[in-house]
Colleague: 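Please see the structure below; I have some questions.
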Amino acid sequence: MRIRVINPNTTASMTRLIEASARAVAGPGTVVEAVTPAMGPASIESHYDEALAVPGLLAEVIAGERSGADGYVIACFGDPGLDAAREVAAGPVVGIAEAAMHAAMLAGRGFSVVTTLGRTAGRAHDLAGRYAPAGACRGVHACEIPVLELESDPTVLPRVVDLARRALESDGSDVIVLGCAGMAAFCAEVSERVGVPVIDGVTAATLLVQSLVTLGVRTSKRDEYAPPPAKPYAGALAGFGAPASSRLDSLRPIDWNGSSTAR
Ligand code: 5HY
């Protein structure tokens, strides 16, 4: 099976780290292809970033449908474009926040999220409201480290460990959820040091998609996630309105400002 892991931001080095984490848990018969969109923000740290990451993300789902992907992981903790991606994809689509929060509820009574910037906490609470029963998410805590500094800042691990410990105390929780795809590589070490289950969404979502594909579960096309109706789209997004059969061809090349962004 082929799982397409989409990093909705456009930083290829982060995609490589996400890919390594996903491949580390994928089964012998699973091929993980991690991709970076050709358009969008270098990192996602605001609602604006998240909204503008969606066209690039959807273009990668559309390309995956053409290349025969069996399932998808949306590797950004805001789960951007999740419902839209499910309309386009035949196979299962799982967001890393969705997977991590569900896994956390199987591992303990209440979880705390440790994330990057405080301004993204509202989104994490919104998603907890969608995915988890009331009271399961006990708190969201930010280490105030920008997403792209997670790769290079040597203080990340001790600061995340310290914040996780304080979150467990203040929230009375018994599980930690890591609130950024860029924290995946720290998961085992943080768990070792804080002594409770620590859930990373990249690996949790990869295994969840692998399980769903193995079960033969695909996205239902009966109602809400039926293919989006073709219709005229104007401007730079014109290609997105094409029928599914020709949508990918109409997306290439997108001429945003006269410079080609063909992949
Ligand atoms: C992520 N941003 O997982 C989110 C994390 C965040 O570019 N990849 C990003 O801070 O919301």
Side-chain angles (χ1 to χ4, degrees), residues 4-22 34-61 72-82 85 93-104 111-131 137 139-153 155-157 159-160 163-164 167 176-187 190 198-206 208-209:
R4 198 172 179 88
V5 176
I6 305 171
N7 171 17
N9 74 40
T10 54
T11 301
S13 59
M14 190 167 169
T15 307
R16 296 286 72 77
L17 292 174
I18 290 168
E19 183 175 62
S21 294
V35 294
T36 308
M39 55 186 152
S43 67
I44 299 166
E45 296 170 323
S46 66
H47 296 295
Y48 184 85
D49 292 340
E50 200 169 298
L52 291 172
V54 174
L57 160 80
L58 291 176
E60 290 303 330
V61 177
Y72 301 84
V73 170
I74 296 179
C76 169
F77 200 77
D79 292 356
L82 178 62
V93 183
V94 176
I96 65 170
E98 179 180 37
M101 292 183 184
H102 281 89
F111 63 86
S112 300
V113 176
V114 171
T115 190
T116 54
L117 304 184
R119 65 176 299 157
T120 68
R123 180 68 173 146
H125 280 293
D126 291 347
L127 293 175
R130 173 175 171 169
Y131 302 142
C137 178
V140 179
H141 306 261
C143 58
E144 297 303 344
I145 301 172
V147 170
L148 296 184
E149 291 179 20
L150 292 171
E151 286 177 43
S152 54
D153 182 336
T155 71
V156 171
L157 182 59
R159 287 164 69 179
V160 169
L163 190 55
I176 295 291
V177 164
L178 297 178
C180 180
M183 292 177 174
F186 301 110
C187 188
V190 176
V198 174
I199 314 281
D200 150 59
V202 171
T203 47
T206 300
L208 202 43
V209 170

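Just so you know, ligand 1 is whichever comes first in the structure, and atom 1 is the first atom listed for that ligand.
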Colleague: Identify the heavy atoms of Ala53 and Ile44 that sit nearest to each other, and give their distance.
Modeller: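 Closest approach of Ala53 to Ile44: CB-CD1, 3.6 Å.
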Colleague: Are Asp79 and Arg130 within salt-bridge range, i.e. N to O under 4.0 Å?
Modeller: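 Looking at Asp79 and Arg130, the cut-off is not met.
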Colleague: Closest approach of Pro37 and Thr10, non-hydrogen atoms and distance?
Modeller: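 What the structure gives for the nearest pair is O-CG2, 3.5 Å.
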Colleague: Quick check: closest heavy atoms across Gly118 and Glu144, and the distance to 0.1 Å?
Modeller: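 Of all heavy-atom pairs spanning Gly118 and Glu144, the closest is N-OE2, 2.9 Å.
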Colleague: Restricting to side chain to side chain donor-acceptor pair (under 3.5 Å), what partner residues turn up for Glu19, sequence neighbours left out?
Modeller: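 Applying side chain to side chain donor-acceptor pair (under 3.5 Å) to Glu19 gives Arg16, Arg23.
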Colleague: Can you list every protein residue that has a heavy atom under 4.0 Å from any atom of ligand 1, sorted by chain and residue number?
Modeller: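 Heavy-atom contacts below 4.0 Å: Asn9, Met14, Ser43, Ile44, Cys76, Phe77, Thr116, Thr120, Val147, Gly179, Cys180, Ala181.
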Colleague: Before you tell me yes or no, could you show the steps for Thr116 and Phe77 under side chain to side chain contact (heavy atoms under 4.5 Å, CB included), namely the whole-Å CA-CA distance, both residues' side-chain angles and the distance that decides it to 0.1 Å?
Modeller: CA-CA 10 Å; Thr116 54; Phe77 200 77; over 6 Å; no
